[in-house]
There are 2 protein chains.
Amino acid sequence: MTAGHRVGDLGEFELIDRLASRLESGPGVVVGIGDDTAVLQPTPGMQLLATTDGQVEGSHFLRAGTPPDAVGHRLLASNLSDVAAMGGRPRWALVALTLPPDLPLAWVDGLYEGMVTLGQRFGVTIVGGNVARSPAGTVVDLTVLGEVEPDHRLTRAGARPGDAVFVTGWPGASAGGLELILHPELRAGLSEHTVRELIETHWRPTPRVEAGRVLACRGVATACIDISDGLAADLGHILAASGAGATLDTEALPVSPALSASHLDVERLVLHGGEAYELLFTSPSTPPDLGIPCRRIGTIEAEPGLRLRRPDGRVEPLAATGHDHFRSQGKGA
Amino acid sequence: MTAGHRVGDLGEFELIDRLASRLESGPGVVVGIGDDTAVLQPTPGMQLLATTDGQVEGSHFLRAGTPPDAVGHRLLASNLSDVAAMGGRPRWALVALTLPPDLPLAWVDGLYEGMVTLGQRFGVTIVGGNVARSPAGTVVDLTVLGEVEPDHRLTRAGARPGDAVFVTGWPGASAGGLELILHPELRAGLSEHTVRELIETHWRPTPRVEAGRVLACRGVATACIDISDGLAADLGHILAASGAGATLDTEALPVSPALSASHLDVERLVLHGGEAYELLFTSPSTPPDLGIPCRRIGTIEAEPGLRLRRPDGRVEPLAATGHDHFRSQGKGA
């Protein structure tokens, strides 16, 4: 099979064989692809983490505008980010493909390349999957399994009044990249470097797995979540689960150099832009070095609700709204 | 939300809340729906089983012709059948929904009813999921996690010359039901009971979980698989994995009373019809009572290949072909 071939040129088992031949086995895999189920060896004493997320053509990406490896990368990153938010170590993944017969085989190869390359960075092995024929667009669902020490596990509940609120990395950069993809006219006047930085952050985000492990193992975070729904919305989830409120300081919000150099609506993107795989966590103490930028952006309070403090000291309500993956009519890329 | 409402009337979180409110927690669920990942408590000493399968509108079912609970039932049954084929105990499930906004909410409720009802029968808890917007049809992917004792695990490899080949229940009945759904003219002359039996077997098959557990715990099966690809194709998988051949006796093939009463091509349906969730296994000894019909249908041989012995003693080659879920243009129902 060479370039130009399409998925429909192969039968189910030929396609599975082709995909499986690209995959390597890994630690804890007793039986991998090729039997009725995968058989995995859990680590004694650890609890199991399980999460699933998908990429849908026409909703999360446009086939014409997105490199296939970026679709695979983002798909795995979104699942790894959920494991990171629990303080866990990701281990295994299962892929469910729904593919139209006219999909180029090269696209599927690219998808797997994106997943396998990112998986190798984080020790994640693809151990199983399913292939189905799609009468319409492409849907790829991924399930990731991980492990965590029971006494280290992070959840959304546990933030206490007086805790500081921290966020890793650069919230808003991924959403900024998405705006530049969907509206190329916004690139006018921006340097090629800025454009590439923001789009790259959208296409190939780095899930904060190591940072989540440090937070979990050092026991410093009282609550943790990833901000895939947007910083304000996901802080809202922590507040709801913890029964608390919070005030954020606008001056403290981190803005990536590329986002800062853009003409985009930075505050909206940082607070409400979705699909960022940074960690938002609360802690009564200064966190240890996570190896990535980490900024204190506010404080947990007993008073319910979410508020924003302006540089002049004025405090205003902040809507805990973000990116609705379901209702949104905007097409990702 | 009442009858007449559609999926697009709700946002992502409202829809998730609606679905989660129908679900109960279960054994081994430390953190269920509502955090970044599910947290599960594995049983010490057991290995983990993981499998994924999907139902795609227009490929596996037609929305107009299939009760939504049957889609949910079949989806979970297909995954449970894979766990059964490994001799495992199914425990937890994650659902990935890709839904068009105009899908009636009642359809999603029905889907969950089918999954939850069957799950309760087998002690399976839905612990997580994802919801995405579909620009086209409905896709539902399900991942099921189970457990098995390392020394009881069944696989496809292990069949030895001299072993007998057994199959549970009624292969071909599900495929017969599908033919009656796709070609209603074939129902002419059949009793209402026969039609209902066959269609019901297609819509709401019983995965052979208990039988798989008995085979595993009693250590009598040398190889095992479910026949979702068709009896001949799946026996072919056992033979390939075990490095052996087999001869089946046509006279020994089990034919359900309803299939027998139909005018359908019984031999083709029993040998090559897909989507049956019976177990095919090999054993050097007579298996214990499995609580369901179980028939010896042939013998494993050293000579590679698959053969069929006719009542007159004539032996002919049997193609290890079955139902190709991917290439097939036939629409399920």
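Throughout, protein chains are lettered first and strands after them, A, B, ... in sequence-line order, and every chain is numbered starting at 1. Remember, predicted model here, so these are calculated numbers, not experimental data.
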Please state whether the side chain, the backbone, both or neither of B:Leu97 comes within less than 4.5 Å of a heavy atom of chain A.
-> neither
Quick one: what part of A:Thr98 sits under 4.5 Å from any heavy atom of chain B, side chain, backbone, both or neither?
-> side chain
So among A:Asp82, A:Asp53, A:Asp141, A:Asn79, which one has a side chain to side chain donor-acceptor pair (under 3.5 Å) with B:Asn130?
-> A:Asp53
Approximate separation, where rounding is to 0.5 Å, of B:Met46 CE and A:Leu40 CG = 13.5 Å
In terms of heavy-atom proximity below 4.5 Å to chain A, should B:Val127 be classed as side chain, backbone, both, or neither?
-> neither
Write down the atom of A:Val56, the atom of B:Ser134, and the distance for their closest heavy-atom approach.
-> CG1-CA, 4.5 Å
Report, by ascending residue number, the residues of residues 29-39 of chain B in heavy-atom contact with chain A at a distance under 4.5 Å; give 'none' if the set is empty.
-> B:Val30, B:Val31, B:Gly34, B:Asp35, B:Asp36, B:Thr37, B:Ala38, B:Val39
Determine, step by step, whether B:Leu145 and A:Leu145 satisfy the side-chain contact (heavy atoms from CB on, under 4.5 Å) criterion, reporting the C-alpha distance in whole Å, the side-chain angles of both residues, the deciding distance to 0.1 Å, and the verdict.
-> CA-CA 10 Å; B:Leu145 305 176; A:Leu145 305 176; 3.9 Å; yes
Which atoms of B:Glu57 come close to chain A, meaning under 4.5 Å heavy atom to heavy atom: side chain ones, backbone ones, both, or neither?
-> backbone
Of all of A:Gly45, A:Ser81, A:Gly28, A:Pro42, which one pairs up most often with chain B through heavy atoms under 4.5 Å apart?
-> A:Pro42
Taking every heavy-atom pair that is under 4.5 Å apart, which of B:Ala50, B:Ala136, B:Ala96 has the most such pairs with chain A?
-> B:Ala50
Looking only at B:Leu142, B:Ile225, B:Val148, B:Val83, the option with the highest number of non-hydrogen pairs under 4.5 Å against chain A is B:Ile225
Would you name the heavy atoms of A:Arg133 and B:Ser59 that are closest together and state the gap between them?
-> O-OG, 2.6 Å
By side-chain hydrogen bond (donor to acceptor under 3.5 Å, both in side chains) - contacts of A:Arg208 (at least two apart) = A:Glu278
Can you sort out the partners of A:Gln47 under side-chain hydrogen bond (donor to acceptor under 3.5 Å, both in side chains), two or more places apart, ordered by chain and number?
-> A:Arg153, B:Gln41
Ranked by heavy-atom pairs below 4.5 Å to chain B, first place among A:Thr143, A:Ile16, A:Leu154, A:Val144 goes to A:Thr143
Could you tell me the separation between the CH2 atom of A:Trp92 and the CG atom of B:Leu48, rounded to the nearest 0.5 Å?
-> 6.0 Å
Counterpart residues, side-chain hydrogen bond (donor to acceptor under 3.5 Å, both in side chains), relative to A:Arg213 (two or more places apart) | A:Glu149
